[in-house]
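First the structure, in the form of structure tokens, and then the observations on it.
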Amino acid sequence: MVAALREGRSPDPQDGRRGKQRSVHNNYFTLPVVFTMFSHHYAATYMHPHGWAVLALIAGAGVAIRHFFNLRHKGVLAWQYPALGAALLGFVFWWTAPRIVPLPPVEGPVTFNRVRSIIGQRCVNCHAPAPTFPGLASAPGGVLLHEPGEIVRNAERSYVQVVVTRMMPLGNVTQITEEERAVLAAWIKAGAKIE
Ligand code: HEC
């Protein structure tokens with residue numbers, strides 16, 4: 001448009017309309033973009049079997065809330081929009097809440113050695129001082145699981161991640177089995193002891 005003006009031509013009005021359209025998109029997608037930027041901390045959203053729908057609902061809530069503010073700047077208070085946003089977020093909250101999946105019975109004694117070998121196989125590539133998992137410079141969340149003391153110290157948090165929310169191992173990239181989850185659960189429930 002600047003070049004057209006410099007050359008004394010009249011700029012293509014289509015470019016102006018496109019600019020306005022992008023500006024409207026940016027305005028409405030402020031909140032969804034902010035959410036998407038920190039969503040990697042919320043595995044419950046992107047690891048949900050219908051993660052795309054979770055994202056769409058959260059984006060819809062963001063758009064509705066933003067619309068309220070746009071109208072408010074014009075002096076209109078339309079509370080139905082934040083109410084819709086809250087309802088959508090409430091639904092997502094319920095839909096992504098952890099539901100404990102029953103684990104198979106454990107065969108054989110639940111020893112610390114067994115636990116240590118499972119963790120060594122399924123967790124330590126990420127949760128070590130120098131992770132071998134590509135792209136990780138340090139142990140994620142500061143959680144170390146490479147030595148007995150650290151395994152015990154992080155037992156309760158690991159229970160939540162492995163048994164309740166099932167967010168770990170992340171994306172189950174290390175392919176932990178249901179039996180192994182059951183062994184970890186039994187060991188932690190029995191007091192997380194190193195014999
Ligand atoms: C592929 C890499 C990877 C693997 C494998 C992995 N984790 Fe994680 N873990 C992460 C990342 C990344 C985070 C940080 C998530 C965040 O930023 O919220 C994390 C966070 C955690 C946390 C802290 C969560 C909290 O906020 O309390 C615990 C506990 C944990 N992992 C346990 C485990 C256990 C136990 C295993 C093995 C069964 C495991 N992780 C396997 C990548 C991994």
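One-based numbering, in listed order, for ligands and for the atoms of each.
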Legend entry - Protein contact to atom 18 (O) of ligand 1 [nearest heavy atom, distance to 0.1 Å]: H41 ND1, 3.4 Å
Legend entry - Close N or O approach (S158, ligand 1; < 3.5 Å): no
Legend entry - Least distance between heavy atoms, V164 atom then P98 atom: O-CB, 3.6 Å
Inset, instruction - Kindly assign one of parallel, tilted or perpendicular to the pair H48 and H50, based on the angle between their ring planes and the thresholds 30° and 60°. - result: tilted
Could you list the donor-acceptor pairs under 3.5 angstrom formed between side-chain atoms of residues 21-30 and any protein atom two or more places apart in sequence or on another chain?
residue : atom : partner : partner atom : Å
N27     : OD1  : R66     : NE           : 3.4
N27     : OD1  : N70     : ND2          : 2.8
N27     : ND2  : N70     : OD1          : 3.4
Y28     : OH   : H67     : ND1          : 2.7
Y28     : OH   : N70     : ND2          : 3.3
T30     : OG1  : N26     : O            : 3.1
T30     : OG1  : N27     : O            : 2.9

Inset, instruction - Would you mind listing which atoms of ligand 1 come within a distance below 4.0 Å of any non-hydrogen atom of R122? - result: 5 (C), 37 (C), 41 (C)
Inset, instruction - Consider ligand 1: state whether an atom of it lies below 4.0 angstrom from any non-hydrogen atom of N154. - result: no
Legend entry - E107, CD: over 12 other non-hydrogen atoms inside 6.0 angstrom: no
Inset, instruction - Could you give me a count of protein N/O/S atoms that are under 2.8 Å from atom 8 (Fe) of ligand 1? - result: 2
Inset, instruction - List every atom of ligand 1 that sits less than 4.0 Å from any heavy atom of V173, numbering the atoms from 1 in the order shown and giving each element. - result: 1 (C)
Inset, instruction - May I ask you to decide if the ring planes of W94 and F91 are parallel, tilted or perpendicular, using 30° and 60° as cut-offs? - result: tilted
Inset, instruction - Give the residue and atom name of whichever protein heavy atom lies nearest to atom 25 (C) of ligand 1, and the separation in Å to one decimal. - result: R157 NH2, 3.4 Å
Inset, instruction - Quick one: list whatever passes ring pair (Phe, Tyr, Trp, His ring centres under 6.0 Å) with F112, sequence neighbours left out. - result: W187
Inset, instruction - Just grab all the side chain to side chain donor-acceptor pair (under 3.5 Å) pairs involving residues 115-140, residues at least two apart or on different chains. - result: R122-E180
Inset, instruction - Can you confirm whether something in the protein, heavy atoms only, sits under 4.0 Å from atom 15 (C) of ligand 1? - result: no
Legend entry - Shortest heavy-atom approach to atom 35 (C) of ligand 1 - which of N172, N125, V162: V162
Inset, instruction - Report yes or no: does N172 contribute a side-chain atom to a donor-acceptor pair with the main-chain N or O of I176 at less than 3.5 Å? - result: yes
Inset, instruction - Tell me, yes or no, whether the heavy-atom count around F38 atom CZ, taken from other residues, nucleotides or ligands under 6.0 Å, exceeds 12. - result: yes
Legend entry - Minimal non-hydrogen separation, R114 against V183, with atom names: NH2-CG2, 3.6 Å
